[in-house]
Amino acid sequence: MSEEKSLNFLEEIIEADIAAGTHGGRVHTRFPPEPNGYLHIGHATSICLNFGLAKKYNGQCNLRFDDTNPVTEETEYVENIKNDIKWLGFTWDNELYASDYFEQLYNFAATLIGKGLAYVDDSTAEQIAATKGSTTAPGTDSPYRNRSIEENLQLFAEMRAGKYKDGEKTLRAKIDMAHPNLLLRDPLMYRIKHEHHHRTGNQWCIYPMYDFAHGQSDSIEKITHSICTLEFIHHRPLYNWFIEQLGIFPSHQYEFARRNLTYTVMSKRKLLQLVNEKHVTAWDDPRMPTISGMRRRGYPPEAIRQFCDTIGIAKRENIVDISMLEFCVRENLNKTANRFMAVLDPIKLIVTNYPEGQEEIFDVENNPEDPNGGTRKAPFSRTLWIEREDFMENPTKKFFRLGVGLKVRLKAAYIVQCEGFAKDDAGNVTEVHCTYLPESKSGNDTSGLTVKGTIHWVSAAHAKTAEVRMYDRLFRVEDPSSEDGDFKDYINPESMHVLPEVYIEPELANAREGDRIQFMRKGYFCVDKDSAPGKLIFNRTVTLKDAWAKEQKKG
RNA sequence: AGUUCGAUUGUGUAACGGUAGCACAACAGACUCUGACUCUGUUUGUCUUGGUUCGAAUCCAGGUCGAACUACCA
């Protein structure tokens, strides 16, 4: 046995609870999204945490939609959220909805009225805000605060019956208008909304506030460890107040710091804005930090889980370097993605001593990291496409590729030596001329030569074409939300660059939507859902690490 | 200003009164039929001032800085 991985603060709490026999040692968590947007990488942390904790401690984890606001919520979001959680690799024990509890919550409210702990208020939103007080000044009591229990009960029933218009009345908890915690200054419990709800239809015209639904929903489900983000820490005393006054199951809430990522934004409001204002194509645009965007980009679910595990969990503010995520993606893809050759920025290479019309088929290993990965066939001929950047007219000292007099290995084929090149009238190099060494054939090399560089290639006569979408980070700055002005001013104009026609080796033409592969020396790519028969589209998932680029930057 | 939470290298996270460690990033090198992968090595840190203690990142007190709260959103 080696040293155990240290526990995070939530695991410590849970293990202490188990040791103390709290709730009989039972562990029950839940993931409680509101179906008003798509899940993002921040939610992934919460998902991994809640489902992971339940699994680790042989407990259960519910999926509960906190659908208390009919105006913003839609079934489309419900379906996508479920899909994303499944794709991440998690299975919920129960699929539940806060709206399932509307009748019970109504009864809870009536109970509190009956105990003199809630009242119907005729004040307007403005009046309530004005009497709220401030962080330094106490609020003032509503003139409706001391209505009789009977009157409150009747008015509340009338609210439910649809007797009043939106905003005409609310139900408020009767706590303390001078409480230092503003949330305990007679918070709203119910508001009137004559709106259609995605699940309950037109059954209700009053809806509970999140604060009057969330804690009790946890309680109803007998959640033992109710885990949420830091901003709800001020709400905990209110949830506890409701639970205590109602005398129901004492769920306990624990808060952790939400994860932020460099070079992106994470609030649903901002993400929705990017979609609505067409800065990206959709919620699942590969540049979005959404789960669906990352899936489309080609991030494997294992990599996202690994990332969540690596960055851990704590209570302090943070902004995680995106390179940490990219590392996890590369680490996974390196082991799992088959290699192919694709030439993104082509220039012709002519093997001058290779007979016209001759061709050979080479076996190329699919994945050097996987001994059982097998091989594929790649045709070779006299005229090839190579990468423009693999040739230099005046090669620098550390350039291990092509230039007159230099030798390179053509991956899985021959060593070639550059003898010359051709230019067009504008002075652009159009062709590179090389001779090959027949005795240097891959796998059967008797040339005795070693070359420093190996480059990829595609036979011009056999090449297929594809579109490639080169993605980069969505923002130019590490933390767009903390910069001056609008966060959208910091969108990276180069976040997507489309290469309409690149050359790919023929075997790749069989790739299917969602396939994750490596273009040798260029990066990891994934077949996009926009692909059509005969028209493949690849998304660049992430580049390879590039030591040469760094070398060049040094000048 | 009040309340609450927080502060460990560039970033994230450990150390639970006893050697400040790990990962990413960065840098240097080895290896390489991917300038990838892999391997080796290096640099950088306990917000501050006091106190308790043989000994403090850890406990106590004061300060500083940061975040959240003042929606009929969640």
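Only this structure's heavy atoms are used, side chains among them; waters, hydrogens and symmetry mates stay out. Below, chain A is the first sequence line, B the second, and so on; all start at residue 1.
- Distance CD (A:E255) to P (B:U3): 19 Å, rounded to an integer number of Å.
- Under the salt bridge (Lys or Arg N to Asp or Glu O under 4.0 Å) criterion, A:K56 pairs with A:E11, sequence neighbours left out.
- Between the CE atom of A:M324 and the C1' atom of B:U13 there is a distance of 8 Å, given to the nearest Å.
- Considering only side-chain atoms of A:T68, the nucleotide from B:G12, B:G35, B:A74 that sits closest is B:A74.
- Below 30°, between 30° and 60°, or above 60°: for A:W283 and A:Y38 the angle between ring planes is below 30°, a parallel geometry.
- Taking the nucleotide of RNA chain B with the nearest heavy atom to each of A:E34 and A:I319, the more 5' of the two is matched to A:I319.
- To the nearest angstrom, P of B:G35 lies 18 Å from CZ of A:F391.
- Counting only heavy atoms from C-beta on, A:N8 has its side chain closest to B:A14 among B:A14, B:G35, B:A25.
- Across the strands present, B:C22 finds its partner in B:G12; the criterion is a Watson-Crick or G-U wobble pair with both atom distances under 3.5 angstrom.
- Below 30°, between 30° and 60°, or above 60°: for A:Y210 and A:F232 the angle between ring planes is between 30° and 60°, a tilted geometry.
- Here A:I455 lies out of heavy-atom contact (under 4.0 Å) with every strand.
- The side chain of A:L544 approaches B:A36 more closely than any other nucleotide in the set B:A36, B:A74, B:G12.
- In this structure, A:Y239 and A:H235 have tilted ring planes: the angle between them lies in the 30° to 60° band.
- Heavy atoms of A:N36 sit nowhere under 4.0 angstrom from any nucleic acid atom.
- Aromatic ring orientation, A:Y106 versus A:F156: parallel (interplanar angle below 30°, classes split at 30° and 60°).
- Pairing partner, B:G17: none, since no Watson-Crick or wobble contact has both distances short of 3.5 Å.
- For the residue pair A:N36/A:E34, the side-chain donor-acceptor check at 3.5 Å is satisfied.
- Distances were taken from every side-chain heavy atom of A:D66 (C-beta onward) to each of B:A74, B:A36, B:C33; the shortest belongs to B:A74.
- In this structure, A:Q306 places its CD atom 14 Å from C1' of B:U13, rounding to the nearest Å.
- When both distances must be under 3.5 Å, the Watson-Crick or G-U wobble mate of B:G35 does not exist.
- Between the CZ atom of A:R339 and the C1' atom of B:U32 there is a distance of 13 Å, given to the nearest Å.
- When the P atom of B:U13 is taken as reference, atom CZ of A:F9 falls 11 Å away, rounded to whole Å.
- As judged by a 4.0 angstrom heavy-atom cut-off over every strand, A:P33 is placed among residues making no nucleic acid contact.
- No side-chain donor-acceptor contact under 3.5 Å links A:E326 and A:Y299.
- Using the Watson-Crick or G-U wobble rule with both distances under 3.5 Å, B:A7 pairs with B:U64.
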Counting primed atoms, P, OP1 and OP2 as sugar-phosphate and everything else as base, the B/S/- map of nucleotides 67-72 of chain B against protein heavy atoms under 4.0 Å is SBSS-B
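- If you check every strand for non-hydrogen atoms under 4.0 Å, A:K411 touches a base.
- Comparing atom distances between the A:N334 side chain and each of B:A74, B:C37, B:C24 picks out B:C37 as nearest.
- Between A:K315 atom NZ and B:A14 atom P there is a gap of 13 Å when expressed in whole angstrom units.
- Residue A:R316 has its side chain nearest to B:A7 when only B:G12, B:A7, B:A74 are considered.
- For A:K335 and B:U38, the NZ to C1' distance is 12 Å, given to the nearest whole Å.
- No hydrogens or angles considered: a donor-acceptor pair under 3.5 Å links the side chains of A:Y101 and A:E221.
- A:F327 comes within contact range of the sugar-phosphate backbone alone, with a heavy-atom separation under 4.0 Å but no base atom that close.
- Put simply, A:R409 has no side-chain N or O that comes within less than 4.0 Å of OP1 or OP2 on B:G35.
- Residue A:G443 is in base contact, counting any heavy-atom pair closer than 4.0 Å across all strands shown.
- Within the 4.0 angstrom heavy-atom criterion, no nucleotide atom of any strand lies near A:F307.
- In the displayed structure, A:R258 atom CZ is contacted under 6.0 Å by at most 12 heavy atoms of other residues, nucleotides or ligands.
- Residue contacts for A:R185: at a heavy-atom cut-off of 4.0 Å it reaches no nucleic acid atom on any strand shown.
- Comparing B:G12, B:A25, B:U34 by their nearest atom to the side chain of A:T454 picks out B:U34.
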